[in-house]
Number of protein chains: 2
Amino acid sequence: MTAEAAYRDVPCPIGRAADVLGDRWTLLILRTATTGETRFDRFRAELGVADNILAARLAKLVAAGLLTKVPYRDGGRTRHEYRLTPAGADALPVLLAMARWGERHTRTTDPSGPMRVLHSVCGQALASGEYCAHCGRLVTRDETVWIRPWRSPEPVAMAQPAVDAQGVADGAA
Amino acid sequence: MTAEAAYRDVPCPIGRAADVLGDRWTLLILRTATTGETRFDRFRAELGVADNILAARLAKLVAAGLLTKVPYRDGGRTRHEYRLTPAGADALPVLLAMARWGERHTRTTDPSGPMRVLHSVCGQALASGEYCAHCGRLVTRDETVWIRPWRSPEPVAMAQPAVDAQGVADGAA
DNA sequence: AGGCTTGGCTTGCGATATGAAAGTCAGGCC
DNA sequence: GGCCTGACTTTCATATCGCAAGCCAAGCCT
């Protein structure tokens with residue numbers, strides 16, 4: 001709705017990224033989508049976000065090309081799920097950098113251990129999000145798993161992006 | 001002012017980071033501080049942000065411990081500058097991840113070339129923010145330079161954080 | 001067939017945040 | 001003394017947030 005395109009075309013890529021990613025709910029939705037959630041009420045339950053805000057953010061993310069709305073069958077009826085596009089999946093390094101920053105520079109009273117990001121190939125924890133000191137090479141998305149002890153000891157794989165990559169253009173008519 | 005502490009103590013580090021960093025102006029202020037700007041009117045000029053918003057964001061960043069307000073002498077009078085703390089400087093990987101994402105997934109009409117992040121030790125461009133494929137090792141902050149052709153062909157070093165790291169705690173009285 | 005339930009939104013509305021513009025204030029400079 | 005500059009603070013109209021309620025389509029239950 002607010003097609004305030006003024007910030008979308010600045011020369012600095014950080015500025016352009018901040019226009020899309022510089023929002024609390026947007027980041028949390030991407031985090032949740034990255035762990036495999038796809039449905040409206042799952043996002044709502046995970047995030048505790050108000051319905052209208054969630055709807056607005058999902059629409060913004062679809063318009064920005066980070067999510068895509070794909071129909072699927074639920075029992076006998078057609079529903080929609082929000083899947084990461086390649087661009088949305090590519091926000092993973094941002095989330096990993098934030099996870100690291102949050103782990104180092106913020107505190108929680110939660111007694112379960114910290115989040116860990118593992119290289120599934122070797123099982124070692126990653127210090128930086130993208131490079132495995134143990135293997136000595138860059139880590140791909142599908143070699144990355146998260147362990148979030150406050151919800152489960154099980155590792156979680158990163159969701160695979162939807163193959164189709166539509167929705168890159170601007171949403172304004 | 002809005003000491004809405006509810007989001008500050010969630011178990012997920014991404015959530016805690018998003019509470020601090022999940023804001024457009026906050027990210028842009030950090031970007032600008034990272035390139036060495038320290039003063040109110042320099043931030044204003046760089047970002048085109050309204051005075052009251054800038055003041056609020058700077059205060060939030062000081063309260064969150066990413067910036068520190070240090071007095072300095074300007075001619076014969078005392079002024080204040082906003083310097084990055086170690087925690088603020090440590091947001092660099094987030095900015096680099098965002099720069100990469102922005103470069104790959106957004107478009108600009110600006111004709112000057114893309115932003116480049118170089119490893120000053122070897123002069124090579126960094127593909128991922130933190131790991132130099134050319135040198136085969138992790139890149140530190142002070143080995144990182146930015147080239148932003150839309151403002152100058154000259155490389156810019158990352159600002160050094162202030163040595164004192166006060167201001168980590170909550171700001172609410 | 002009629003009603004219940006579930007998922008996915010939309011609407012209303014008061015509270016809060018945004019942002020342009022103007023005002024304030026301290027201290028140096030002319 | 002008056003002007004200027006930097007760094008805010010205040011004002012005010014607008015926009016956004018987020019709770020709560022309403023809505024609707026489609027299956028399911030009886």
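All values below were derived from every heavy atom in this structure, side-chain atoms included, with hydrogens, water molecules and symmetry-related copies excluded. Order of the sequence lines sets the chain letters (A, B, ...), proteins ahead of strands, with each chain counted from 1.
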Rounding to an integer number of Å, can you tell me how far [X] [atom1] sits from [N] [atom2]?
X: Asp41(B); N: dA7(D); atom1: CG; atom2: P; result: 5 Å
X: Arg57(B); N: dC8(D); atom1: CZ; atom2: P; result: 15 Å
X: Tyr7(B); N: dC17(D); atom1: OH; atom2: P; result: 12 Å
X: Leu54(A); N: dT16(D); atom1: CG; atom2: P; result: 17 Å
X: Arg44(A); N: dG7(C); atom1: CZ; atom2: P; result: 8 Å
X: Phe40(A); N: dG8(C); atom1: CZ; atom2: C1'; result: 6 Å
X: Arg24(B); N: dC17(D); atom1: CZ; atom2: P; result: 14 Å
X: Asp23(B); N: dC17(D); atom1: CG; atom2: C1'; result: 14 Å

Among dT18(C), dG7(C), dT9(D), which nucleotide has an atom closest to any side-chain atom of Ile53(B)?
dT18(C)
Looking only at heavy atoms, the pair that brings Thr85(A) and Gly65(A) closest together is OG1-O, 2.5 Å
For Arg141(B) against Ala159(B), the heavy-atom pair lying closest together:
NH2-O, 2.7 Å
Between Asp23(A) and Arg24(B), is a salt bridge (Lys or Arg N to Asp or Glu O under 4.0 Å) present by the stated rule, with each step listed?
CA-CA 7 Å; Asp23(A) 172 82; Arg24(B) 188 179 128 76; over 6 Å; no
Under 4.0 angstrom between [X] side-chain N/O and [N] OP1 or OP2:
X: Tyr82(B); N: dC8(D); value: yes
X: Trp25(A); N: dG18(D); value: yes
X: Lys69(B); N: dC8(D); value: yes

Mind checking whether Tyr131(A) and Tyr131(B) have parallel, tilted or perpendicular rings, split at 30° and 60°?
parallel
Please work out if Phe43(B) contacts a base, only the sugar-phosphate, or nothing of the nucleic acid, heavy-atom cut-off 4.0 Å.
nothing
Pairs under 3.5 Å (N/O, protein and nucleotides 21-26 of chain C):
none

Can you find a pair of side-chain heavy atoms, one from Leu118(B) and one from Trp146(B), that are under 4.5 Å apart?
no
Does anything in residues 151-160 of chain B pair up under side chain to side chain donor-acceptor pair (under 3.5 Å), and if so which pairs, sequence neighbours excluded?
Glu46(B)-Arg151(B)
